[in-house]
Number of protein chains: 2
Amino acid sequence: MSSKTSPSASRKPEPERVKQSLRVWLKMLKATKHVEAVVRENLRVEFDTTLPRFDVMAALYRFEEGLKMSELSSALRVSNGNVTGIIERLVSDGAVLRVPVAGDKRAMLVRLTQRGRDEFARMAAAHELWINEIFGSLPTDISAGLLATLDTIEHAQGLYSEGEHDA
Amino acid sequence: MSSKTSPSASRKPEPERVKQSLRVWLKMLKATKHVEAVVRENLRVEFDTTLPRFDVMAALYRFEEGLKMSELSSALRVSNGNVTGIIERLVSDGAVLRVPVAGDKRAMLVRLTQRGRDEFARMAAAHELWINEIFGSLPTDISAGLLATLDTIEHAQGLYSEGEHDA
DNA sequence: TGGAAATTATTCAAGCTTGAAATTTCATGC
DNA sequence: GCATGAAATTTCAAGCTTGAATAATTTCCA
């Protein structure tokens, strides 16, 4: 770990590089928050729902057979207790169904109801358009470059949070 | 608005472009959340504080003379009531001071105490290193390109949330 | 002046989020 | 069988976040 020539060597990072790193991060954070705010607002106004609910439904939509609570929380990278509350509300709204897992009395399988599926399908279609409204004007090569750079960032550090990678 | 040749024209966006937009957004969101999680965790473990508190202190550090509550919330782009609670806790921790504004009995000026300034200075120094740990390995040209692309994104849509721009 | 409108801030209810503790159930080894 | 630890989930306290409602003050302008 921490070779002498690594750009992240622990001694004396060049101030100009640090400054640029900070600039990039702050701008990335700002842009992301901006897009998130747009999505949140649109979900609220057009579908009377929230981003966390949307995220949960997206995960469940993808796994038609359902997910265990623990699978769900790790897929969304949020805490266990968090998902409990969101699912609770989705269940009482009739969008989600809880079914016991055969052979394991601890676990619960969580699945979209038909109504939940229909509802999410509509939201997802709108969501695609909102996102395309923002990102759709990027030239193809720029877009591809951005994707590649973001990939780098995601993997470009090993000092903190050496968690599990892509699902 | 919405010219016939605009890439975000309201009719029939090309599916391949939409798909790419979605890919880029999801990756950007993921990368941002990853960095945020690192910062949050480090703030918690090394300084026993939270990201919202850090953000508030960063804004107050920048404006030594202090900020009004409304200026603070609009600088951070969060709701009014939100700031109230965070400041409340910072005040009771001795990091922030409230002073009435001369000539306006409604307004309150909020300012870091010396202790708050010292505390933030230490956190900011560490924060720079964490961020550089992640972004510092990006080649200069890539980094500059990312910055430019993010700028584009921030300004690349006028349909939703036509809010005020940079401070 | 005097009153409608705007500004500033707090309060409130609802929901999101976390990390830790508690609970129940399962798996393993002896 | 049975204890011990691991796994799945919920509960909990604390804090964050929002949008709406309220309250106090200031501004504007007729």
Side-chain angles (χ1 to χ4, degrees), chain A residues 33-34 36-57 59 66-93 95-96 98-110 161 163, chain B residues 33 36-57 59 66-93 95-96 98-110 161 163-164:
Chain A
K33 279 192 183 308
H34 170 67
E36 255 196 3
V38 169
V39 173
R40 257 178 227 281
E41 173 72 1
N42 289 342
L43 282 176
R44 186 176 72 83
V45 171
E46 297 189 21
F47 296 99
D48 189 31
T49 190
T50 66
L51 194 45
R53 288 168 68 113
F54 180 81
D55 289 341
V56 165
M57 292 178 79
L67 285 174
K68 289 195 295 184
M69 291 297 281
S70 50
E71 292 172 332
L72 188 51
S73 61
S74 90
L76 299 176
R77 293 163 173 280
V78 297
S79 71
N80 251 344
N82 186 354
V83 178
T84 300
I86 298 175
I87 288 293
E88 199 120 51
R89 285 177 282 273
L90 284 173
V91 166
S92 71
D93 286 356
V96 160
R98 275 187 232 247
V99 292
V101 170
D104 191 338
K105 286 175 193 153
R106 296 169 302 178
M108 272 299 189
L109 215 56
V110 182
S161 99
Chain B
K33 279 192 182 308
E36 256 196 3
V38 169
V39 173
R40 258 178 225 282
E41 173 72 3
N42 290 341
L43 282 177
R44 189 176 69 84
V45 170
E46 297 189 21
F47 296 99
D48 189 30
T49 190
T50 66
L51 193 45
R53 289 168 67 112
F54 180 82
D55 289 341
V56 165
M57 292 177 80
L67 285 173
K68 289 195 293 184
M69 292 297 280
S70 51
E71 292 172 333
L72 188 49
S73 61
S74 90
L76 299 176
R77 294 162 173 279
V78 297
S79 71
N80 250 345
N82 186 355
V83 177
T84 300
I86 299 176
I87 288 293
E88 199 121 52
R89 285 177 282 274
L90 284 172
V91 166
S92 72
D93 286 356
V96 159
R98 275 188 233 247
V99 293
V101 170
D104 192 337
K105 286 176 193 152
R106 297 168 302 177
M108 273 299 189
L109 215 56
V110 183
S161 97
E164 62 279 8

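Everything quoted here is computed from the prediction, not taken from an experiment. Residue numbers start from 1 in every chain, and the chains themselves are labelled A, B, ... in the order their sequence lines are given, proteins ahead of strands.
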B:Arg89: partners by salt bridge (Lys or Arg N to Asp or Glu O under 4.0 Å), with sequence neighbours left out: none
Set of residues satisfying side chain to side chain contact (heavy atoms under 4.5 Å, CB included) with respect to B:Lys105, sequence neighbours excluded: none
Dump every N/O contact between nucleotides 14-17 of chain C and the protein below 3.5 Å, one line per pair.
{"residue": "C:dC16", "atom": "OP1", "partner": "A:Thr50", "partner atom": "OG1", "Å": "3.0"}
{"residue": "C:dC16", "atom": "OP2", "partner": "A:Arg89", "partner atom": "NE", "Å": "2.4"}
{"residue": "C:dC16", "atom": "OP2", "partner": "A:Arg89", "partner atom": "NH2", "Å": "2.2"}
{"residue": "C:dT17", "atom": "OP2", "partner": "A:Asn82", "partner atom": "ND2", "Å": "3.4"}
{"residue": "C:dT17", "atom": "O5'", "partner": "A:Asn82", "partner atom": "ND2", "Å": "3.3"}

Measure the spacing between OG of A:Ser73 and CG of A:Asn82 and express it to the nearest 0.5 Å. 8.5 Å
Select from A:Arg44 and A:Val83 the residue whose nearest nucleotide in DNA chain D is closer to the 5' end of that strand. A:Val83
Got a list of protein N/O to nucleotides 7-9 of chain C N/O distances below 3.5 Å?
{"residue": "C:dT7", "atom": "O2", "partner": "B:Arg106", "partner atom": "NH1", "Å": "2.3"}
{"residue": "C:dT8", "atom": "OP1", "partner": "B:Lys68", "partner atom": "NZ", "Å": "3.3"}
{"residue": "C:dA9", "atom": "OP1", "partner": "B:Met69", "partner atom": "N", "Å": "3.4"}
{"residue": "C:dA9", "atom": "OP1", "partner": "B:Met108", "partner atom": "N", "Å": "2.8"}
{"residue": "C:dA9", "atom": "OP1", "partner": "B:Met108", "partner atom": "O", "Å": "3.1"}
{"residue": "C:dA9", "atom": "OP2", "partner": "B:Met69", "partner atom": "N", "Å": "3.4"}
{"residue": "C:dA9", "atom": "OP2", "partner": "B:Ser70", "partner atom": "N", "Å": "2.5"}
{"residue": "C:dA9", "atom": "OP2", "partner": "B:Ser70", "partner atom": "OG", "Å": "2.6"}

Quiz: residues 48-55 of chain B side-chain donor-acceptor pairs under 3.5 angstrom, not counting sequence neighbours:
{"residue": "B:Thr49", "atom": "OG1", "partner": "B:Arg53", "partner atom": "NE", "Å": "3.1"}
{"residue": "B:Thr50", "atom": "OG1", "partner": "B:Arg53", "partner atom": "N", "Å": "3.3"}
{"residue": "B:Arg53", "atom": "NH1", "partner": "B:Asp93", "partner atom": "OD2", "Å": "3.3"}
{"residue": "B:Arg53", "atom": "NH2", "partner": "B:Asp93", "partner atom": "OD2", "Å": "2.7"}

Starting at CG of A:Leu76 and ending at P of D:dT9, how long is that distance when rounded to a whole Å? 14 Å
Working to the nearest 0.5 angstrom, can you tell me the gap between B:Leu90 CG and B:Arg98 CZ? 10.0 Å
Among residues at least two apart in sequence or on other chains, which ones pass side chain to side chain donor-acceptor pair (under 3.5 Å) with A:Glu88? none
Of all residues at least two apart in sequence or in a different chain, which pass the salt bridge (Lys or Arg N to Asp or Glu O under 4.0 Å) check with A:Glu41? A:Arg44
Quick check on DNA chain D: between A:Glu88 and A:Glu41, whose nearest nucleotide comes earlier from the 5' end? A:Glu88
Excluding sequence neighbours, so at least two apart, what forms side chain to side chain donor-acceptor pair (under 3.5 Å) with B:Arg106? B:Asp104
Over how many whole Å does the gap from A:Ile87 atom CD1 to D:dT10 atom P extend? 9 Å
